[in-house]
Student: 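First, the structure itself, so that you have it in front of you.
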There are 2 protein chains.
Amino acid sequence: MRLVIATCSVTYSGRLNAHMALAKRLLMVKADGAVLIHSDGGSYKPLNWMSPPATMRVSAPDEHQAEAGIKEVWTVSATKSDDTLKILISEIHHDSSHELGTDPGLVKDGVEADLQRLLSEQIERLGDGHALIRREHPTPIGPVDILAKGPQGTVAVELKRRGDIDGVEQLSRYLELLNRDPLLAPVSGVFAAQQIKPQARTLAEDRGIRCVVLDYEEMKGVDDADSRLF
Amino acid sequence: MRLVIATCSVTYSGRLNAHMALAKRLLMVKADGAVLIHSDGGSYKPLNWMSPPATMRVSAPDEHQAEAGIKEVWTVSATKSDDTLKILISEIHHDSSHELGTDPGLVKDGVEADLQRLLSEQIERLGDGHALIRREHPTPIGPVDILAKGPQGTVAVELKRRGDIDGVEQLSRYLELLNRDPLLAPVSGVFAAQQIKPQARTLAEDRGIRCVVLDYEEMKGVDDADSRLF
DNA sequence: CTATGTATGTCGCCA
DNA sequence: TGGCGACGTACATAG
């Protein structure tokens, strides 16, 4: 990995065009050819970048560029597309390279899996008289998060951390399919999420899908209380 | 901005828990307290990070940590939440700080907003005899990008840079809703994008939605020519 | 400030 | 390889 602090201007041309005026920034060049341009603020997203795999060519400025005080021109090209990043460097303040090796990576402790487990254990949150049939019920177009038996018949549950329209569409597709199965039909839908957006709620209710907002902390609390019994 | 190349292990605790084993990595500390942990591969996303505003506290290792060869412990805490990033440093290979100042920022060109403006001004690209009714026509499930009057009645346009299946789904929902309005009905659909994926085209045409591929550069050229008249 | 839609999204899974 | 869903999504903008 090469780290360069430079005064530079940058132009990106690819899926869109973007330009950055002359300023002092960090240029990070990774082993796989990726280039990241970071300023001293903002979140993890760089101001501009080139995704790997990519190759970088360093060239001298042309006459016009040299007059403008440009010392070096970096042209970064994506291998698989014609995306190009052009970095015009006026001054290099720092330049160092480092051998990092491959990273063992990140181990995550899941969230959605937890929510699904908790709702399975607390299936009565869907309403009185509900019983779990199974989690991850397979269908030809993907697994239904939770299938339950309710007072009025089978219930298919789509579970999200944040419920938006896409989730309602997903559940609608499952419902259409499940209702073709005479052993299951009629199957009604429940859209369960920690937060449901108004538009998603409107669409869901328009299609006869019930919305259930889940309180994760509360469910977690019940779970902890249950655990303490053993 | 401070740049540190260090052999370290990292633990994140917040909306989820995540852990990274001991390895050599780049630690970037920004002026606003943001911390980014990058390896020598991948795209612009760091392996782990803390979003600003945040504060970092450097402390000595406890006895147990010192035995494990840890020299320094960085505890990064988000200001607005209780998210925490804990970095255990075994060895520092490089450490430098740089004053960057505020960045003038990025100017983008060619996003959906630009396309929408250009298509509104060049509405005849939908076909002869089209007239703009309005942009961002509001509906209960969201705004329709462009509403126009065509030779056969009202036309609802969904605009994308890259036309994908979900865009067709979105337009379908709008059409269903708009066609319930007797003042507008019948409303036909046009799916307009710089690039339309084959599956999206198939789905759209199956639903009687017309597909229009837009040449942004060409539209931009016409726009520039128009501008020069004034 | 909240709500909502876009993104050069990126990333991982699975057929 | 391509489609699909999740993401500590981030981010800008409109209400």
Student: Taking CG from A:Asn48 and P from C:dA7, how many angstroms apart are they, rounded to a whole number?
Tutor: 16 Å

Student: Give a yes/no on whether any side-chain N or O of A:Lys45 is located under 4.0 angstrom from OP1 or OP2 of D:dC11.
Tutor: no

Student: Under 4.0 angstrom, heavy atoms only, what part of the nucleic acid is B:Ser51 near: base, sugar-phosphate, or nothing?
Tutor: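 B:Ser51: base contact, heavy atoms under 4.0 Å.
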
Student: Is A:Arg25 salt-bridged to B:Asp103, going by a charged N under 4.0 Å from an acidic O?
Tutor: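 Answer for the salt bridge query: yes.
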
Student: Closest heavy-atom contact between A:Arg207 and A:Ser172?
Tutor: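 Smallest interatomic distance, heavy atoms only, reads NH1-OG, 2.8 Å.
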
Student: Which part of the nucleic acid, if any, lies within reach of B:Tyr44 when heavy atoms closer than 4.0 Å are counted: base, sugar-phosphate only, or nothing?
Tutor: sugar-phosphate

Student: Does the side chain of A:Trp49 get closer than 4.0 angstrom to OP1 or OP2 of C:dG9 through an N or O atom?
Tutor: no

Student: How many whole angstroms separate atom CD of A:Glu169 from atom P of C:dG5?
Tutor: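 From A:Glu169 CD to C:dG5 P: 13 Å.
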
Student: Distance check needed: C:dT8 P versus A:Met50 CE, whole Å only.
Tutor: 13 Å

Student: Rounding to an integer number of Å, can you tell me how far A:Tyr12 OH sits from C:dG9 C1'?
Tutor: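 The distance from OH of A:Tyr12 to C1' of C:dG9 comes to 11 Å, rounded to the nearest Å.
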
Student: In whole angstrom, give the distance that lies between atom CZ of B:Arg135 and atom P of C:dG5.
Tutor: 17 Å

Student: For C:dT8, give the paired nucleotide (Watson-Crick: N1-N3 plus N6-O4 or O6-N4; G-U: N1-O2 and O6-N3; both under 3.5 Å), or none.
Tutor: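 Looking at the geometry, C:dT8 pairs with no nucleotide.
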
